[in-house]
Amino acid sequence: TGTLDGILGSGAPAAATTTTQKVTARLFIGDIATSVPVSNGQQNWTQSHEASNRGGVTWFSTHNSAGGTEAVFAKGRSGSIGSFTIVANSDTLGQITWCGDDGTDMNSVGARIMASVDGTPGENDMPGRLTFLTTADGSSSPTEKMRITSAGLVGIGLTAPNLKLGVLGGIELRNDEVDGYIWFHDPGTRSFAIGLDQSNGAFTVCESSDLTSAPRLTIAAGGTVGVVGALTVGGIASIDDTTDSTSGTSGSIHTDGGVG
């Protein structure tokens with residue numbers, strides 16, 4: 001072990017060394033040597049202070065490989081260094097918290113990303129989830145807005161989504177300059193898109209990957225409905241289009257009693 005006099009503030013910067021350096025007190029990097037309470041009064045062991053717009057931490061590495069720098073958050077339950085006790089479902093494994101000066105202190109939290117255990121852990125088995133929290137106007141504590149579960153399911157406003165995406169409330173698709181649509185397709189060639197066609201303002205269903213070709217159903221502003229192909233209603237009535245040489249395209253209605 002050794003001392004880091006330069007970092008701890010009692011002398012010139014410590015010389016480079018290959019020995020293990022041990023710091024047994026709080027470590028402050030930057031302009032001051034006292035802890036600043038943040039995030040509801042927490043006084044973390046390592047703090048970096050900078051009275052400028054360049055405060056921050058950089059991890060840098062260079063190596064001829066695909067690897068990169070990494071920040072690791074780890075959690076155990078043993079209470080002692082060197083021994084291991086398994087974590088439990090819903091334990092927090094780590095979190096990133098953003099706070100702001102509210103004119104009194106820096107305890108008010110604006111946002112947080114939290115990693116937690118999401119299931120029953122075991123040896124070489126650590127199911128996890130990510131939770132995204134933001135703070136509403138008029139509050140100082142964040143609440144959950146979105147999560148990604150261990151199964152890869154995304155919940156917005158939902159803590160237990162059942163499908164790939166679960167949303168509590170409405171979803172907005174804007175089409176200020178381009179079509180707002182949803183594309184459905186299978187691994188083969190079947191493909192449908194539904195959405196608002198920006199060119200005419202109609203709600204449109206197309207048998208394609210977007211709204212530019214193969215329209216099958218349109219609902220224009222005002223409620224006019226257009227159908228291309230056959231339309232079956234409740235298994236009782238159907239509408240199809242036919243073409244003749246004199247009148248062009250005409251339509252017919254089929255019911256269970258005949259054609260009208």
Measuring only between side-chain heavy atoms, which start at C-beta, is R129 closer than 4.5 Å to S90? yes

Where is the tightest heavy-atom contact between P121 and N89, given as atom of each residue plus distance? CD-N, 4.2 Å

Testing the basics here: between A115 and L130, what is the closest heavy-atom pair and its distance to 0.1 Å? CB-CD2, 4.0 Å

Please check if L93 and I148 belong to a single hydrophobic cluster, counting links between Ile, Leu, Val, Met, Phe, Trp and Tyr side chain heavy atoms closer than 4.5 Å. no

Within the distance-only criterion (no hydrogens, no angle test), does the side chain of S83 pair as donor or acceptor with the backbone N or O of S80 below 3.5 angstrom? yes

Non-hydrogen atoms of K75 and T92 that approach each other most closely: CG-O, 3.6 Å

Cluster check W98, M106: I/L/V/M/F/W/Y, side chain < 4.5 angstrom: no

Counting N and O atoms only, with roles assigned by atom type, does the side chain of T135 sit under 3.5 Å from a partner on the main chain of V109, one being a donor and the other an acceptor? yes

CZ on F192 to OG on S208, rounded to 0.5 Å: 9.0 Å

Close side-chain approach of V87 and M126, heavy atoms under 4.5 Å: yes

May I ask you to test the L165-I156 pair for a side-chain heavy-atom distance under 4.5 Å? yes

Between A88 and R77, which heavy-atom pair has the shortest distance, and what is it? N-NE, 3.8 Å

Atom CZ of F84: over 12 foreign heavy atoms under 6.0 Å: no

Same apolar cluster: F132 and I96, side chain cutoff 4.5 Å: yes

Do other residues, nucleotides or ligands put more than 12 heavy atoms under 6.0 Å from N162 CG? no

T218 side chain to A202 backbone, donor-acceptor under 3.5 Å: no

Taking all heavy atoms of W183 and all of S191, pick out the closest pair and write down the distance. NE1-OG, 2.5 Å

Pair R112, T97: side-chain N/O donor-acceptor within cut-off below 3.5 Å: yes

Atom pair CZ/OG1 of R147 and T131 - distance to nearest 0.5 Å: 4.5 Å

If every non-hydrogen atom of D210 is compared with every non-hydrogen atom of A193, which pair is closest and at what distance? O-CB, 3.6 Å

Heavy-atom check, side chain of V227 versus side chain of L217, under 4.5 Å: yes

In the single-linkage hydrophobic clustering (I, L, V, M, F, W, Y; side-chain heavy atoms under 4.5 Å), do I219 and I182 co-cluster? yes

If hydrophobic clusters are built from ILVMFWY residues whose side chains come within less than 4.5 Å, do M146 and V167 share one? yes

Tell me whether S108 contacts the main-chain N or O of D102 through its side chain, where contact means a donor paired with an acceptor under 3.5 Å. no

Assess whether side-chain contact (heavy atoms from CB on, under 4.5 Å) is satisfied between I194 and F184, documenting all intermediate values. CA-CA 8 Å; I194 63 172; F184 303 88; 3.7 Å; yes

Does any part of the side chain of S140, heavy atoms only, come nearer than 4.5 Å to the side chain of N107, both counted from C-beta? no

